[in-house]
Visitor: 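Before we start, here is the structure in question, set down as structure tokens.
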Amino acid sequence: AAFPVGHSHWGTCVGTKISPRASAKRNMVSRMRRGWRHQYEPAKPVDGGGSDAEERCTPEEHAVACAGLQQDSPLATERDRFGSLFKREGGVQKYLKVRNCILTKWQEDLSSTLTVDSCVCEETSDCKDIMGEVFSFLQLQGYINNGLVSATENVRVDWAGTEPVDPAMLEYKLFELLKTVDMEVTTERQIRKQLEKQLGRDLSEQKKAIRSHVERFLSGDTTGPPPPPPKPSARSGAQERVIVVGAGSAGLAAARHLHRVGVDVTVLEARDRVGGRIHTDSDSLSVPVDLGANIIIEAEASSKRRVIPGQTAPPDFLTAICRQAGLSSVKLGTDFPLFDAESGKRLEADVDQRVEHLRDALMQEARQHLDDDPTASPALGQALEAALARRQEKGEPPLEALDRRVLNWHWAHLEYACAAPLEEVALALGDLREGGGGAASMVEGGATKAMAALASGLDVRLGSEVTAIDYTAGAPIKVTTAAGEEHLAGAVVVALPLGVLQAAACAFKPPLPSPTLEALA
């Protein structure tokens, strides 16, 4: 859960020097309404309402979009969980019908706890055999009964189910089971299912090991191994606790979900407030001003919602949180004019449109250059300036001063979207603009109110800067703060900002895996 970065003004100024941190930016809605629909296709003007065919969507489409899922295709996590169901004829369609029905029911009333019984209707009457299982999965994953709503009472984390399967115990239990079944009529799948009931675990990933042991048993080796000694669990008793490091939106959302499913969770935050980069200044001016993220973009299911194959668009949880907390919001329009800082006058429509089309053309040419030479990896800023220079070499006149200022504003706005100077953004990754979005709004009184609501009822300890995390195998995880306090836990959720992790402000023992370090770099 995170607010899209944005800043709202009734009008924004175009100056001669623009940096991503100092210049005023056009509203997030303007970026999406006037941004590119596809990385190779220049934008076409889109009015505030859009066509009926694009804007209209069914309740089911809206509910699935709000969850950040795909309506007609399960994600990898869903395939992992319901792999056996999906192998049956019509299994995927059956699952999607139930899943989408549950999501739709949840969106009908975000303020009350959804129950599995309320999801059974005429449309899903033939799917009762999987309704409970799908409901539990969606709830445990946070797709339903999220935000400030409580989960149903039967949802609790099974710590034993989170421990790795002990190969020795698996082998011992399997051989004991094989000695009691009739191998002439019992299938391998039936054996695995019985073993899953005994161990309380999903053994889908152990199919090869189970098959190997069964073949050994059938070859005449029926003795089997002795019972393995019991292993002490690092997550027993008081250590069935999770520590979340960081009380920004991600950390608070994780803690809220863990708390909802019955986990003892503590949040450690270095600052004297919650919210991270979501922070409202209520003292400096006569009105509250959001200094960081402040705009909520509601999910929208339409042809403008671009979802990369195999991935999903961000889920729309913050809208639910604001509604559940009773927070009022102000919807934003799409008319955000530009003003020239030198003349103080509003930018003429023909100038605005002319430079916007130039911006689109330069972006397209820069991307085409990368397609023509995939080995080239210039920075986005360098590629854009090179594209402009090529145009002028072909006889186009130099940009007028006003046009240059407006173009600089567009590049600053793109820096704002990428959260970095364009000289530091790779051309291959610089086209990070959304392909559409729903209504945009701001929380009355500031976005911090939403974070305060998310933190309410949680054990949040401010002024607790975490400096070390020792997750040595076989022992409880030890989290140490700058004040020397030590906290033990069975698991830790690290929700620190990227810059903090890159600066190695928190020491990990053992060091983080190489792939993680490479990703952070």
Side-chain angles (χ1 to χ4, degrees), residues 57-107 114-146 151-152 154-155 157-158 161-162 164-165 170 174 186-214 257 261 299 301 305-315:
C57 65
T58 66
E60 180 179 299
E61 290 172 335
H62 175 72
V64 175
C66 287
L69 297 173
Q70 298 178 10
Q71 186 180 12
D72 56 359
S73 177
L75 300 184
T77 52
E78 297 173 286
R79 293 185 181 278
D80 290 342
R81 177 63 181 81
F82 297 97
S84 58
L85 171 63
F86 294 169
K87 291 178 181 177
R88 304 177 205 166
E89 184 177 357
V92 173
Q93 290 72 23
K94 183 177 182 179
Y95 167 79
L96 291 174
K97 180 167 70 171
V98 172
R99 181 253 264 170
N100 294 349
C101 172
I102 294 173
L103 293 174
T104 304
K105 287 288 185 181
W106 164 238
Q107 283 296 318
L114 183 69
T115 64
V116 65
D117 292 338
S118 65
C119 299
V120 179
C121 59
E122 183 177 347
E123 185 179 350
T124 58
S125 59
D126 60 336
C127 305
K128 292 182 180 179
D129 56 323
I130 67 169
M131 178 66 75
E133 192 174 4
V134 176
F135 183 94
S136 297
F137 169 79
L138 294 175
Q139 184 167 236
L140 195 59
Q141 293 294 317
Y143 290 114
I144 60 174
N145 291 336
N146 51 45
T152 54
N154 62 341
V155 177
V157 170
D158 179 10
T162 65
V165 176
L170 174 66
L174 176 58
T186 306
T187 66
E188 181 181 317
R189 183 176 184 276
Q190 290 172 328
I191 291 172
R192 179 166 55 84
K193 289 299 181 182
Q194 291 186 49
L195 199 59
E196 287 179 338
K197 288 183 178 179
Q198 290 188 20
L199 297 175
R201 304 296 303 280
D202 179 8
L203 300 178
S204 300
E205 298 297 324
Q206 282 72 40
K207 286 182 181 179
K208 290 184 178 179
I210 292 173
R211 182 176 297 115
S212 175
H213 293 318
V214 170
H257 183 61
V261 297
R305 183 179 174 85
R306 176 162 58 92
V307 179
I308 300 172
Q311 301 183 24
T312 60

Visitor: Show me the donor-acceptor pairs within less than 3.5 Å that the side chains of residues 87-94 make with the rest of the protein, sequence neighbours left out.
Guide:
from: Lys94; atom 1: NZ; to: Asp129; atom 2: OD1; distance (Å): 3.1
from: Lys94; atom 1: NZ; to: Asp129; atom 2: OD2; distance (Å): 2.9

Visitor: What do the steps show when you test Lys97 against Cys127 for side-chain contact (heavy atoms from CB on, under 4.5 Å), and what is the final call?
Guide: CA-CA 9 Å; Lys97 180 167 70 171; Cys127 305; 3.5 Å; yes
Visitor: Go through the steps for Gln139 and Val261 under the test side-chain contact (heavy atoms from CB on, under 4.5 Å), then give the verdict.
Guide: CA-CA 9 Å; Gln139 184 167 236; Val261 297; 5.7 Å; no
Visitor: Applying side chain to side chain contact (heavy atoms under 4.5 Å, CB included), name anything that partners Gln190, two or more places apart in sequence or on another chain.
Guide: Thr186, Thr187
Visitor: Would you compute the distance between atom OG1 of Thr104 and atom CG of Asn100 and round it to the nearest 0.5 angstrom?
Guide: 6.5 Å
Visitor: Listed by chain and number, what are the side chain to side chain contact (heavy atoms under 4.5 Å, CB included) partners of His213, not counting sequence neighbours?
Guide: Glu171, Leu174, Phe175, Arg216
Visitor: What distance do Phe137 atom CZ and Ile130 atom CD1 have between them, rounded to the nearest 0.5 Å?
Guide: 12.5 Å
Visitor: Under the side-chain contact (heavy atoms from CB on, under 4.5 Å) rule, what do Trp106 and Asn146 come out as? Steps first, then yes or no, please.
Guide: CA-CA 10 Å; Trp106 164 238; Asn146 51 45; 3.4 Å; yes
Visitor: Residues two or more places apart in sequence or in another chain: which of them pass salt bridge (Lys or Arg N to Asp or Glu O under 4.0 Å) with Lys193?
Guide: Glu196
Visitor: Please tabulate, one pair per line, all N/O donor-acceptor pairs under 3.5 Å involving side-chain atoms of residues 71-81, not counting sequence neighbours.
Guide:
from: Gln71; atom 1: NE2; to: Glu60; atom 2: OE2; distance (Å): 2.8
from: Glu78; atom 1: OE1; to: Leu75; atom 2: N; distance (Å): 2.6
from: Glu78; atom 1: OE1; to: Arg99; atom 2: NH2; distance (Å): 3.3
from: Glu78; atom 1: OE2; to: Tyr95; atom 2: OH; distance (Å): 2.5
from: Glu78; atom 1: OE2; to: Arg99; atom 2: NE; distance (Å): 3.0
from: Glu78; atom 1: OE2; to: Arg99; atom 2: NH2; distance (Å): 3.3
from: Arg81; atom 1: NH1; to: Glu133; atom 2: OE2; distance (Å): 2.9
from: Arg81; atom 1: NH2; to: Glu133; atom 2: OE2; distance (Å): 3.0

Visitor: Roughly how far, to the nearest 0.5 Å, is CG of Leu114 from CG of Leu138?
Guide: 9.5 Å
Visitor: Considering non-hydrogen atoms only, spot the tightest contact between Ser84 and Arg189 and give its length.
Guide: CB-NH2, 4.4 Å
Visitor: Measuring from atom CG of Leu140 to atom CG of Asn145, what distance do you get when rounded to the nearest 0.5 angstrom?
Guide: 11.5 Å
Visitor: Output the distance between atom CD1 (Ile144) and atom SG (Cys119), rounded to the nearest 0.5 Å.
Guide: 6.5 Å
Visitor: Hey, are Glu188 and Arg211 close enough for a salt bridge, meaning a charged N less than 4.0 Å from a carboxylate O?
Guide: yes
Visitor: Looking at CD of Gln107 and SG of Cys66, how far apart are the two atoms once the value is rounded to the nearest 0.5 Å?
Guide: 4.0 Å
Visitor: Counting N and O atoms only, with roles assigned by atom type, does the side chain of Ser136 sit under 3.5 Å from a partner on the main chain of Gly132, one being a donor and the other an acceptor?
Guide: yes
Visitor: Taking only residues two or more places apart in sequence, or in another chain, which ones meet Lys105 in a salt bridge (Lys or Arg N to Asp or Glu O under 4.0 Å)?
Guide: none
